[in-house]
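We count residues from 1, following the sequence as given. Everything numeric in this text was worked out from a predicted model, so none of it was measured. Because only heavy atoms are used, hydrogens play no part in the values below, and waters and symmetry mates are left out as well, while side chains stay in.
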Amino acid sequence: MDYKPLSDYPRDAVDRLLNVIHLFRDIRATSEWQYDVLLKRSRLSTLSPGEALLHTGDVDQWVYFLLRGELHVHVDDEAAAREERPLAVIRPGEVFGDLSMLLAEPRSATIVAAPVGQEIQVLAVDCTLFGDLEDFSLLHLPTKLVFYRNMVHSLRWKLEVYRSKYPNHELANSHRRLKLYTGPKNSKEELVALAGQAKDLARILLDWNAEFGSGQLAAEESDMTNFLESILS
């Protein structure tokens with residue numbers, strides 16, 4: 001696997017590449033300087049077909065965005081080595097790896113590049129920058145708010161996918177029962193509430209993922225690559 005800091009690339013090329021990612025686009029709109037801080041803590045990874053990016057049990061603080069190619073999600077390394085049918089397929093523009101970061105738990109899946117096809121390119125962001133809700137020395141409050149708003153939106157979308165597919169499952173409405181923040185906007189209180197909500201949503205999504213990983217839910221093959229996205233990350 002080839003890792004390169006974004007500083008190795010021309011700035012205009014980096015800006016064009018990251019403009020398709022909501023998080024980077026939103027942070028840049030808030031502050032060019034904060035955008036630069038995030039760039040310095042991000043890197044591009046290039047994978048060959050069949051190469052692994054993440055392994056079940058890995059511990060780190062990176063969140064990933066797929067820029068080019070296709071990634072396959074497997075329950076563990078053995079399933080990936082046997083080239084079993086993937087539990088899910090990650091496509092360009094999707095965020096993954098967020099559950100492990102939010103819950104401070106080991107990776108719950110193995111993610112590998114599709115065995116055939118083009119070279120895969122992934123953006124990795126060091127999210128230790130966002131973990132301490134009291135530290136605004138590098139990333140300011142508006143930037144951290146953008147991050148957690150993006151995380152909450154992404155997680156809710158994934159949970160709605162599950163809900164629409166399995167409306168009668170006991171987990172179907174779990175995320176809708178979580179209380180929404182109604183206090184002062186753009187405040188530290190909102191940041192704390194969003195971070196808590198993101199963790200609660202991540203836990204529910206992990207419960208859904210466990211259902212698939214254990215075989216409790218059976219998805220039709222035609223649905224797997226088109227419907228379930230970025231699970232077990």
* Asked: To the nearest 0.5 Å, what is the distance between CZ (F136) and CG (L191)?
  -> 5.5 Å
* **Side-chain donor-acceptor pair present, H74, E83, cut-off under 3.5 Å** => no
* **Carboxylate-amine/guanidinium contact D12 R16, below 4.0 Å** => yes
* Asked: Atom SG of C127 and atom CG of L102: how far apart are they, to the nearest 0.5 Å?
  -> 8.0 Å
* **Side-chain heavy-atom pair L18, Y35 within 4.5 angstrom cut-off** => yes
* To do: Give a yes or no on whether the backbone of E105 and the side-chain of S100 come within a donor-acceptor separation of less than 3.5 Å.
  => yes
* Distance (rounded to the nearest 0.5 Å) between L6 CG and L44 CG -> 5.0 Å
* To do: Output yes when a side-chain donor or acceptor of S154 lies under 3.5 Å from a complementary backbone atom of M151, and no otherwise.
  => no
* To do: Using a strict cut-off of less than 4.0 Å between a Lys/Arg side-chain nitrogen and an Asp/Glu carboxylate oxygen, indicate whether E94 and K158 qualify as a salt bridge.
  => no
* Structure fact -> For Y181 and S187 the tightest heavy-atom approach is OH-OG, 3.3 Å
* V125 and R41, any side-chain heavy atoms less than 4.5 Å apart -> no
* Might you point out which heavy atoms bring L155 and A202 nearest each other, and give the distance in Å? => CD1-N, 4.1 Å
* Under a 4.5 Å cut-off applied to non-hydrogen side-chain atoms, are E84 and E78 in contact? -> no
* Cluster question for you: counting only ILVMFWY and a side-chain heavy-atom cut-off of under 4.5 Å, with indirect links fine, are V63 and V59 together? -> no
* **Distance, nearest 0.5 Å, that separates NE2 of H22 from CZ of F65** => 10.5 Å
* To do: On the 0 to 90° scale, with breaks at 30° and 60°, tag the Y64-F96 ring pair as parallel, tilted or perpendicular.
  => parallel
* Structure fact -> Rounding to 0.5 Å, atoms CG (L171) and CD (E211) come to a distance of 6.0 Å
* Does atom NE2 of H140 have more than 12 heavy-atom neighbours from other groups under 6.0 Å away? -> yes
* Considering only heavy atoms from C-beta outward, does the side chain of I21 approach that of L67 to under 4.5 Å? -> yes
* Supply the atom-to-atom distance H72 NE2 to L87 CG, rounded to the nearest 0.5 angstrom. => 11.5 Å
* Asked: When you check the side-chain N and O atoms of D76 and T56, is any donor under 3.5 Å from an acceptor?
  -> no
* **Any W208 side-chain heavy atom under 4.5 Å of H169 side chain** => yes
* Answer yes or no: is there a side-chain heavy-atom contact under 4.5 Å between L66 and P92? => yes
* Asked: Side chains of Y162 and N209: donor-acceptor distance under 3.5 Å anywhere?
  -> yes
* Asked: Under 3.5 Å, is there a donor-acceptor pair between the side chain of Y148 and the main chain of F130?
  -> yes
* Heavy-atom pair of closest approach, residues P106 and G57 -> CB-O, 3.7 Å
* Asked: So, does R68 use its side chain to make a donor-acceptor pair with the main chain of Q121 at under 3.5 Å?
  -> no
* Donor-acceptor under 3.5 Å (T143 side chain, L139 main chain) -> no
* **T110 side chain near V75 side chain, heavy-atom distance below 4.5 Å** => no
* Looking at E160, R156, R163, which one forms a side chain to side chain donor-acceptor pair (under 3.5 Å) with H175? -> E160
* Would you mind checking if E32 and R11 are paired as a salt bridge, meaning a charged N to carboxylate O distance below 4.0 Å? => yes
* Would a distance-only check, ignoring hydrogens and angles, find a side-chain to backbone donor-acceptor pair under 3.5 Å from Q34 to S31? -> no
* Asked: Does R28 come within less than 4.0 Å of D15, counting only side-chain N to carboxylate O?
  -> yes
* Asked: Do you know which two heavy atoms are closest between L129 and K144, and how far apart they sit?
  -> O-CE, 3.3 Å
* Is the shortest distance from a Lys or Arg side-chain nitrogen in R107 or D58 to a carboxylate oxygen in the other one below 4.0 Å? -> no
